[in-house]
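Please read these numbers as outputs of a predicted model, since none were measured by experiment.
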Amino acid sequence: MPARKRTSLALSNEQLLQLYEDMSMLRAFDEKISERCIRGEIPGLIHLGVGEEAVAVGVSAALQPQDKMVSTHRAHSHFLARGADPKAFMAELYGKATGCCGGKAGSMHLADLDIGFLAANGVVGGGLPLAVGAALGQRILGSDWVTLCFFGDGANNNGAFHESLNLAAVWDLPVVFLCENNGYGISQSIHKQQRVANVADRAPSYGIPAEIIDGNDVLEVYETVRRAVDKARAGGGPTLIEAKTYRTTGHYVGDSESYRSEEEVAEWQTKDPIVKFEKVLRRKKLLSKALKSEIEERITALVEEATDFAVHSPALDPAAALTHVYCEGGV
Amino acid sequence: MARMSYAEALNEAHCIAMRDDSRVFTLGEDIGEYGGIYRVTKGLQAEFGEQRVLDTPISEIAITGAAVGAALVGSRPILEIGFVDFVGTCWDQVFNQAAKFSYMTDGRASVPLVIRMACGAGLGYGVHHSQSLEAWFTHVPGLKVVMPATPADAKGLMLAAIDDPNPVVFLEHKFLYEVKDEVPDGRYTVPLGKARVAREGGDVTIVSWSGAVPWALKAAEQAAAEGIECEVLDLRSLVPLDEDAIVASVEKTGRLIVCHEACTTGGFGAEVVARVVARAFDFLDSEPLRVAAPDIPVPNSLALEAVYLGTRERLLEAVRGIVS
Amino acid sequence: MSLSPRDLKQLFRRLLLIRRFEEEAFRLAVAGKFANYHGGMGQEAIPAGVCYGLKPTDNTMITHRGLGVLLTRGVPVGEIFAGLYAKASCPTRGRHPIFHMAAPDLGILAGTTMVGSVIPLATGAALAARIQGTSDVTISFFGDGSVNRGDFHEGINLGAVRKLPIVYFCENNFYAKSMPLEASTAGGSIISRAQGYGLPGEVVDGNDVVAVYEATQRAVARARAGEGPTLIECLTYRWTPHSTAGDREFARTDEELEAWKAKCPILRLRQQLIEAGHASAEELDAVDVEIRHEVAAGVEFAEAAPYAAPEVALENVYL
Amino acid sequence: MQHRKWPWKTFIFEVERMHEISYQQAIIEAMVEEMRRDEAVVLMGEDVGTFGGLTGTTVGIIEEFGDGRVLEMPISECGFVGASVGAALKGVRPIVEMGLADVSLVAMDQLVNSAAKMNYFHDGIASVSAVYRLWSGFRPSGGAQMSQSNEAMFAHVPGLKVVMPSTPRDVKGLLKAAIRDDNPVIFFEPKGCYALLGEVPDDDEVIPLGQAEVKRAGTDVSVIATGIMVNKALAVAESLAAEGIDVEVVDPRTLRPLDSGTLVASVCKTGRAVLVQEANLFCGYTAEIAALLADEAFDALKAPIKRVGGAETPVPLSPRMEPLVVPGEAAIESAIRSVLG
């Protein structure tokens with residue numbers, strides 16, 4: 001599902017339905033991954049994005065093929081929404097040679113330069129400077145991509161956040177900082193980590209325009225990001241967008257979630273981005289029951305196919321572990 | 001050939017690389033009109049403009065990460081971090097980000113980046129401007145580490161480092177910046193991973209690099225007067241390490257001294273000794289010695305700093321000792 | 001809180017002590033007597049104004065340009081010169097730069113050279129006061145060069161979220177070595193960053209020692225009352241180059257320097273004292289003569305002081 | 001802590017009352033006991049409150065000591081490591097839970113240029129009495145940024161002490177010593193050791209820093225191993241004993257300051273040395289031990305010193321790659337056989 005070229009701001013009916021399908025696909029993958037992780041088939045520390053699908057899909061819809069994306073440790077949705085091959089993605093989680101990174105990277109280090117997905121990251125805030133660099137690279141190489149940088153609310157108290165926004169602003173670089181504010185850094189709520197209520201409150205410190213949006217409304221995400229990306233491409237410099245959203249599952253698969261109440265989780269489940277958008281499409285008479293089940297079948301097949309591909313991919317040759325520590329070439 | 005200083009040779013390497021390839025650019029604190037702390041980037045901004053010679057704010061995390069990100073998307077940055085002592089501030093970007101992209105993407109991505117830092121003591125700059133921390137970088141798979149001792153090597157190795165698709169840590173000793181010597185004209189490269197025999201000799205092998213090479217040559221001269229012929233090896237690059245050259249020399253002399261400026265414990269000298277003992281054990285006539293700084297922070301006053309730099313004087317004693 | 005004539009004369013004496021010290025230190029550095037000197041000439045009102053009225057138990061943490069704070073908090077001028085000469089008879093015994101010195105009894109905390117790294121350290125001292133239940137306040141000094149460092153962001157955010165008893169004091173002299181403020185600091189204003197941490201912020205004329213004193217007292221009172229940190233930005237200008245290690249002056253213009261010299265904090269206070277009739281010109285000149293002797297004696301002390309024995313370098317790496 | 005019930009009177013000899021707990025529980029016990037003993041001791045870190053810390057090692061501590069002494073920090077390592085140093089200068093004795101050893105490198109400057117050098121700056125007047133606990137080393141599918149063991153870098157820094165205990169008893173005794181030490185201590189807790197069970201004395205046993213321990217006496221070859229590798233070395237030693245090969249296993253426990261005397265004595269006795277670490281070999285900590293032994297035990301050496309360690313690669317995710325990247329018992333065994341010639 002390669003990223004499509006978007007011209008006008010308004011979306012056609014066909015594109016609206018695609019948003020719905022993309023979100024449903026992300027949800028289905030995360031649920032499958034959670035199940036296989038608990039069964040011990042998928043190794044390692046896995047961070048799911050259940051409940052935050054509208055941000056990934058809305059953002060990807062606003063980008064163009066040549067644009068770049070930098071992600072965090074919660075990268076699955078960003079990676080798939082950006083157009084990564086689901087089979088290579090699942091094979092990577094399974095640690096197979098057919099994975100997009102040869103089975104070496106895994107959930108927190110996904111990367112696919114062909115679709116401009118530069119890096120996920122194991123270090124909180126580690127990606128912010130990389131995104132500034134990608135935007136700097138655009139200027140040095142005289143090309144026209146914009147860089148979209150995801151980060152979580154947990155990163156906005158980190159030195160990398162401060163230095164990156166300052167540098168992007170003082171150099172007027174084409175980068176859009178997209179904060180997925182799900183209210184928690186593992187167990188600490190945002191109010192225990194900083195005294196200002198919103199991440200966006202910090203944008204004036206760097207002279208960067210900021211917007212706070214409903215991260216669970218895929219259209220609002222799309223339109224806001226689209227405007228910021230177009231402005232950056234036209235040389236208008238960086239923008240900070242804070243998308244209020246919520247992860248309805250734990251910080252990682254197996255998280256006790258002792259830090260929050262069921263009521264809070266239940267309340268956010270009523271604002272589920274997929275259910276919300278389904279109502280919008282129904283009102284527009286775009287999503288009949290038949291079409292919905294057709295989409296669900298398509299998605300289930302896609303997930304099963306990708307999972308089977310991963311499960312049945314040949315076992316990895318351990319010797320691959322010793323390869324590509326360095327690139328060939330050079331003197 | 002032209003006679004120029006180590007700093008001027010590095011400056012020339014920058015000019016050649018930036019003229020030849022528009023993807024090459026440089027960034028760092030005070031490197032524009034100011035020309036960098038040691039004038040290595042003098043005049044570059046005038047020739048290549050502010051868009052390719054970028055003065056940055058004091059934010060090592062952001063500028064190092066930005067250099068890595070820019071390299072990821074195909075440009076070829078040369079980052080100046082004033083002193084190696086500051087690398088702690090952006091260590092995550094070097095250790096966890098720059099060094100691992102090639103591996104983590106199974107060779108699909110590369111980070112062609114040169115990170116330049118000044119190292120070494122001797123100018124009374126004190127605790128936070130005089131350290132030698134190469135042993136940190138050499139322990140990180142994915143990084144290459146280069147430490148030239150002469151102007152000619154500085155130019156050749158810089159051009160090779162810029163061409164290299166991997167992140168290269170390029171450490172320049174402060175004391176060497178003003179050293180003048182003959183430097184070939186035009187573009188040439190010195191291969192990474194090839195040591196240089198700075199002086200032939202059959203009795204003792206002295207392995208050294210960067211600021212310690214002049215000490216080794218001086219000690220060898222003094223020893224020669226006493227009939228002891230030392231072979232001085234200048235490693236030039238620590239990673240990749242020219243292990244064969246070291247072993248070949250030890251097989252000839254049977255005695256090994258490793259001399260470096262950094263603190264002894266945990267210094268790069270330990271790795272050199274460990275490899276020689278593993279590969280050339282039977283050739284060793286006596287225990288391999290490490291002559292390096294005591295394990296202390298670098299004191300500020302020149303009088304006390306001389307204790308940290310006492311390696312110079314102790315090297316000759318070590319040569320006499322190992323021969324007897 | 002307001003300053004009596006006696007206070008103003010005391011402040012004048014302290015400003016003059018720092019100025020004459022800075023002049024002498026700069027001259028000696030240029031003459032090659034010691035390796036490198038980051039002059040604070042022209043910024044005297046900040047150390048004098050901030051530290052006047054602090055309790056000895058309050059902490060200060062300075063950077064490479066803050067020797068004035070050491071002087072005004074009671075470190076003998078002879079010892080500071082001995083420190084610059086890296087001699088034995090000073091708290092650092094020549095082992096590390098004098099601005100790293102520590103004097104717990106005077107509330108002077110040893111800092112670090114890393115621009116901006118001092119801010120988390122100072123925040124830690126304030127955290128200790130909160131843990132130990134004391135009413136001590138900490139003053140964290142730093143320059144405009146450090147406001148873009150990660151440590152600035154993380155340190156101040158930590159102080160803010162825990163409402164620690166600390167005052168963050170930015171000496172904005174508009175240049176970080178060769179980088180003018182607008183070329184490095186997005187948003188073009190340091191004080192506007194206070195709101196990003198939910199803190200009150202105040203811009204003060206860094207050359208008006210009375211204004212600096214009053215702003216500090218307000219912030220210290222707020223901190224002592226448990227209302228948390230304040231960010232104060234002092235606008236000032238250094239009259240000497242970034243350091244005496246051959247830093248070429250090109251970014252700063254002579255006109256700009258002359259304009260700031262006209263706002264000299266010492267001349268300003270001198271006029272105030274004379275016009276208000278608190279002191280005569282002769283009386284103030286006499287103070288100047290006294291101060292010059294004190295500084296000259298300090299230099300002599302340092303010149304005569306012995307260098308530390310080499311073994312001193314090996315001591316106290318560990319306790 | 002339940003006491004063992006002895007069937008008969010114990011006045012015959014003083015029995016060391018022991019209880020069996022895990023390495024992780026030993027860490028919790030050490031911290032709780034020290035916080036009870038000394039008011040100045042506080043616990044700082046991310047999620048160390050009710051959440052119980054990244055690894056569950058601070059469960060229950062905030063409930064006993066309150067949020068005045070258990071301080072939850074935002075995700076800003078430079079910020080709170082710097083703050084821990086500043087607080088230590090004023091007499092606070094912080095235990096800082098850094099979480100992953102890989103991520104602690106974000107605060108490298110504060111650790112190396114502030115914490116390590118404050119004693120030197122203060123010339124004995126004030127000190128940084130802080131312990132930085134790092135969860136280090138390999139864990140299945142940890143991946144490249146969560147499985148590293150970076151003790152070598154810290155062991156190169158004058159002013160820092162570096163400790164890597166391998167058993168429940170050692171980790172408790174050494175953590176108590178580290179908390180009471182007036183110097184900054186980087187305290188490595190290998191992930192592989194967390195689940196190890198072992199006997200730990202009930203009383204207040206403090207194991208001094210800088211003391212190695214011979215975990216298994218032997219005469220044919222000295223195996224010097226650190227952290228989780230001590231366990232693997234002991235397993236190999238047992239299996240080789242059946243072939244009549246008598247392996248001595250020495251655990252340095254403290255990497256800086258290193259108890260070189262015990263190591264040299266062992267190698268002088270056996271004449272053969274195998275050095276084992278978890279991290280990748282090049283410039284790893286065992287290089288320092290090898291250079292030291294080559295210098296001080298040269299005449300006793302009957303064979304080259306052999307080193308065993310991780311591969312020169314970042315740690316890959318896939319479990320299938322582990323055998324090639326993570327040093328195992330097979331590698332130790334072949335190294336022992338090679339030095340025995």
Discussion item. The criterion is salt bridge (Lys or Arg N to Asp or Glu O under 4.0 Å); which residues satisfy it with B:R23, sequence neighbours excluded?
Written reply: B:D21

Quick one: does [X]'s side chain have a donor or acceptor within less than 3.5 Å of a partner on [Y]'s backbone?
{"X": "B:R108", "Y": "A:C100", "answer": "yes"}
{"X": "B:Q51", "Y": "A:R139", "answer": "no"}
{"X": "A:Y326", "Y": "B:S102", "answer": "no"}

Please classify the contact of [X] with chain A as side chain, backbone, both or neither, using a heavy-atom distance under 4.5 Å.
{"X": "B:T56", "result": "both"}
{"X": "B:L143", "result": "backbone"}
{"X": "B:T105", "result": "both"}
{"X": "B:V239", "result": "side chain"}

Winner by heavy-atom pair count (cut-off under 4.5 Å) against chain B, out of [options]:
{"options": "A:L113, A:L128, A:D112", "result": "A:L113"}
{"options": "A:S164, A:G99, A:G126, A:A105", "result": "A:G126"}
{"options": "A:G125, A:A111, A:G102", "result": "A:G102"}

Worksheet item: How about B:E50: does its CD atom have over 12 heavy atoms from other parts shown lying under 6.0 Å from it?
Response: no

Worksheet item: So does B:K194 have more than 12 non-hydrogen atoms from other groups sitting under 6.0 Å from NZ?
Response: no

Item to complete: Please test B:F25 against A:L141 for side-chain contact (heavy atoms from CB on, under 4.5 Å), starting from the C-alpha separation and ending with a verdict.
Response: CA-CA 10 Å; B:F25 74 100; A:L141 299 170; over 6 Å; no

Worksheet entry | A:H109 and B:M104, any side-chain heavy atoms less than 4.5 Å apart | yes

Worksheet item: For A:N166, is it the side chain, the backbone, both, or neither that has a heavy atom closer than 4.5 Å to a heavy atom of chain B?
Response: side chain

Practice prompt. Counting only heavy atoms closer than 4.5 Å, note whether A:V325 contacts chain B via side chain, backbone, both or neither.
Written response: both

Worksheet item: Between B:V111, B:V24, B:I61, which shows the greatest number of heavy-atom pairs under 4.5 Å with chain A?
Response: B:I61

